Amino acid sequence: MSSWSVTNLWLIPAVPLVASFFILILANSRRRTAAALAILGQIAALALSITAFLPTLAAPGFRSVHNFTWFTFGDQALRLGWVLDPLAAAMMIMITLVGLCIFVFSVGYMAGDKNLTRFFAYLSFFSGAMLGVVIANSLLLLFFSWELVGLASYLLIGFWIDRPSAAAAAKKAFITTRIGDLGFFLGMLWLYHSSGTLLFYDQGRGCLENAGLLAIGASATFIALLIFCGAIGKSGQFPLHVWLPDAMEGPTPVSALIHAATMVAAGVFLVARVYPLFSLGAVNGVTPSLTVVVWVGVVTALMASLIALAQVDIKRILAYSTVSQLGLMMVSLGVGGVAAGIMHLIAHGFFKALLFLGAGSVIHGLHHEQDIRKMGGLRWTMPVTFLTYAIGMMNLSGVPFFFSGGWTKEEVLHATAHWPVSALPHYLMLAGVILTALYMTRQIIYVFFGSARSTDFESVRPREFHSGEAATTTENISVGRTGQRPVFRAHESPRVMTMPLVILALCSILFALVLTPAWPWLRAYLNGESTHVVFGSLIQPVILLSFVLVAAGIGFGWLTYRNAGETDPLARTQPGLFRFLENKMWFDEIYERTIIAFSRILSRLTDWLDRYFWDGLVRLFAGLGQAFGVLSKGFDDHGINAGVDETTSGTRGFGRLISAAHSGQIQTYLGAIAIGMLLLLVLYAWLG
């Protein structure tokens, strides 16, 4: 079974990709068929992922690869392959399961969209590309899939092509991530030059095995940092984080897929996959490249947490929380907690998808309103959404004991506490725990507590409104007090949207069973250790400290925002700070006035050079060539040709003269001879 699973591992990404192809050739009217094909493809990928997962339980540290020759050039062979190990198996389960929930949710959320078939084709394409990243045993194959993920994100972020903001966000995401991918590509070339292979594992000869690592040697730091550039772009790390919040312009299921299961997870996965390269030559677990990873993650995590405090778009708050959590994962990888970082990545996939889909349910129930200042009181109107969203909020805030996000965050904090270089990242991450609990408490209060803050909406109790009714029915609209403006009734989403929320909420809770210090099964599984772990203590000092900090963040958030209106309390007390954070620390403006302005100046300079210098130079040489042509033509016509013509004409006349002397009469010839001899005698006499 294991041999079959490894040999046919390519089927897992192939199934969604094939489904995407068939959906693309369907007519727009075949909406149900498109949704069914996408969901069935994801179910098949999930089933195959489970089949592949089972052999990895056979022995600690299981790893099996299948390599093959793609093509040869000269005496060199370029080989590709795929690998099955705990890292790949765990990621495949998360991607396919979370993706399936998002696909089902999309059936309800995108029901009214005229391009539903195209949407599901793109979703399937996205899922297949990410699964290709996960199974790759070659950095080249991983890079191929990596770029397909970038293409899919571009198509989905800009799905609503009639919106200029969506088109701009798609271009911004595509160009920004390409900047990081350029470094990734250069690192890949350097790696191939140093090791002679791009296979990760190849019977001891792979670039992540002893022979390959010895060949790389001192260049490992530079190669690792170049590859890390790709991770910075894909996972929205500072300074290439600016594209990720703007990706909210796409449909909410796209936001969930990008921020939970696929694109942003790719960067963290890449660092974990090539971790032997980052850790080559480590002293006490520290290398220059890992140190860079740590500080980039620290800056990203704190920066994004602070910005989230002042955002008012429900999806942008979650977007910045994703940036922050990805920074936390990078810190964990940098300090050596690879298993902790991947555990948090997997748990984050479940609860962040839950939060984004919950936000989508709120947006759907409020007729596409996304400003949290206009919400309120939805816990009664949308009870299922509220309960599941609260579970996601507890996971993201890091509440321990019953929530997987709490346990994985403890693992990360525990790893940072033992970094020998500095204790500062640990303390800054503790501050991040408070900030995360604070901005999530702010969000949930604004959305679900109090009363409706906008006169455009009214909240009703469940007994007054039947959940699941269409958002366009007249029962959802009542006449406002003015008798002119309609007031929309908030309503619970249909079951096709709430059931994925329930499943993801249960997964985020049940997942905690294999994360607790009492039975840390997943950590042992990822580390290649025996999974028969002796039950340990559930209460540890770092857990108690984190619990106190989470409680402090939630408590402070409740005291600050429980009576908040449309004006944020932070905006009242600290207007300058709030404006700074609301404008995302002006990173976009800084880039606009520096890098982009420099690019514009450079482009104008090159345009001027092209139009006036290079084009003028070309015209000058063209003019010189034309002048030389005129001169040569005149010399040819009036010099060479005339000389040749006159010569031929004279030769022709001389020939006629000579030919006239050939009369054929013998007496004429004898007379000419006699005259000639006479002339010779005279000449002889004269000379003598």
Side-chain angles (χ1 to χ4, degrees), residues 1-13 45-68 79-97 131 133-138 141-142 199-213 268-279 285 332-333 336-347 349 404 407-408 411 415 510-536:
M1 177 64 73
S2 63
S3 176
W4 185 92
S5 298
V6 176
T7 305
N8 296 280
L9 202 62
W10 62 274
L11 289 172
I12 298 176
L46 175 59
L48 289 170
S49 298
I50 295 173
T51 303
F53 169 75
L54 295 177
T56 64
L57 302 175
F62 176 91
R63 180 186 295 127
S64 183
V65 300
H66 177 78
N67 299 323
F68 60 93
R79 306 181 70 206
L80 303 178
W82 39 82
V83 57
L84 178 61
D85 60 2
L87 176 60
M91 287 293 295
M92 285 190 294
I93 294 289
M94 185 273 288
I95 293 168
T96 52
L97 180 54
L131 289 168
V133 169
V134 170
I135 70 167
N137 185 45
S138 164
L141 180 58
L142 190 151
L199 291 175
F200 297 140
Y201 303 103
D202 185 24
Q203 298 179 347
R205 300 184 300 271
C207 63
L208 299 184
E209 297 175 294
N210 290 333
L213 294 174
V268 178
F269 173 83
L270 174 63
V271 176
R273 174 57 78 194
V274 300
Y275 189 80
L277 185 63
F278 280 82
S279 61
S332 180
L333 294 175
V338 180
I342 296 301
M343 287 160 59
H344 194 55
L345 176 64
I346 296 171
S404 58
W407 291 121
T408 55
E411 292 281 352
L510 295 176
F511 189 54
L513 296 177
V514 295
L515 298 172
T516 65
W519 188 48
W521 178 87
L522 184 60
R523 182 176 62 190
Y525 172 74
L526 292 172
N527 282 330
E529 302 168 353
S530 174
T531 56
H532 300 287
V533 182
V534 178
F535 280 68

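Heads up: numbering here begins at 1 and tracks the sequence. Computed from a predicted structure; not experimentally measured.
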(message) List the residues meeting side chain to side chain donor-acceptor pair (under 3.5 Å) with Ser279, not counting sequence neighbours, and say none if there are none.
(response) none
(request) Could you list the residues that satisfy side-chain contact (heavy atoms from CB on, under 4.5 Å) with Leu54, not counting sequence neighbours? (result) Leu57
(request) State, to 0.1 Å, how close Asn67 and Leu199 come at their nearest heavy-atom pair, and which atoms those are. (result) OD1-CD2, 3.7 Å
(message) Quick test of your reading: applying salt bridge (charged side-chain N to carboxylate O under 4.0 Å, His left out), list the pairs with at least one residue in residues 511-522, sequence neighbours left out, ordered by first then second residue.
(response) none
(request) For the pair Asn137 (side chain) and Tyr201 (backbone), establish whether a donor and an acceptor sit closer than 3.5 Å, ignoring hydrogens and angles. (result) yes
(request) Taking all non-hydrogen atoms of both residues into account, name the closest pair between Ile346 and Met94 and its distance. (result) O-CG, 3.8 Å
(message) If I compare all heavy atoms of Leu84 with all of Ala52, which pair ends up nearest, and what's the gap?
(response) CD2-O, 3.4 Å
(message) Does any part of the side chain of Thr56, heavy atoms only, come nearer than 4.5 Å to the side chain of Asp85, both counted from C-beta?
(response) no
(request) Assess whether side-chain contact (heavy atoms from CB on, under 4.5 Å) is satisfied between Phe200 and Leu142, documenting all intermediate values. (result) CA-CA 11 Å; Phe200 297 140; Leu142 190 151; 4.2 Å; yes
(message) Assess the residue pair Met92 and Leu9 against the criterion (side-chain contact (heavy atoms from CB on, under 4.5 Å)); give the C-alpha distance rounded to whole Å, side-chain angles, the decisive distance to 0.1 Å, and a yes or no.
(response) CA-CA 11 Å; Met92 285 190 294; Leu9 202 62; 4.2 Å; yes
(request) Walk me through it: do Leu522 and Phe511 pass the test side-chain contact (heavy atoms from CB on, under 4.5 Å)? (result) CA-CA 9 Å; Leu522 184 60; Phe511 189 54; 3.3 Å; yes
(request) Could you pull out the closest heavy-atom pair between Trp407 and Ala512, with the gap in Å? (result) CD1-CB, 3.7 Å
(request) State which residues pass side chain to side chain donor-acceptor pair (under 3.5 Å) with Thr408; sequence neighbours excluded, sorted by chain then number. (result) His344
(request) Let me see the working for Phe269 and Val271 under side-chain contact (heavy atoms from CB on, under 4.5 Å), right down to the final yes or no. (result) CA-CA 6 Å; Phe269 173 83; Val271 176; over 6 Å; no
(message) List the residues meeting side chain to side chain donor-acceptor pair (under 3.5 Å) with Thr96, not counting sequence neighbours, and say none if there are none.
(response) none
(request) Specify the closest pair of heavy atoms between Arg273 and Ala88, including all atoms of both residues, with the distance to one decimal. (result) NH2-CB, 3.7 Å
(request) Sequence neighbours left out, what passes side-chain contact (heavy atoms from CB on, under 4.5 Å) with Leu80? Give chain and number order. (result) Phe68, Trp70, Ser138, Leu140, Leu141
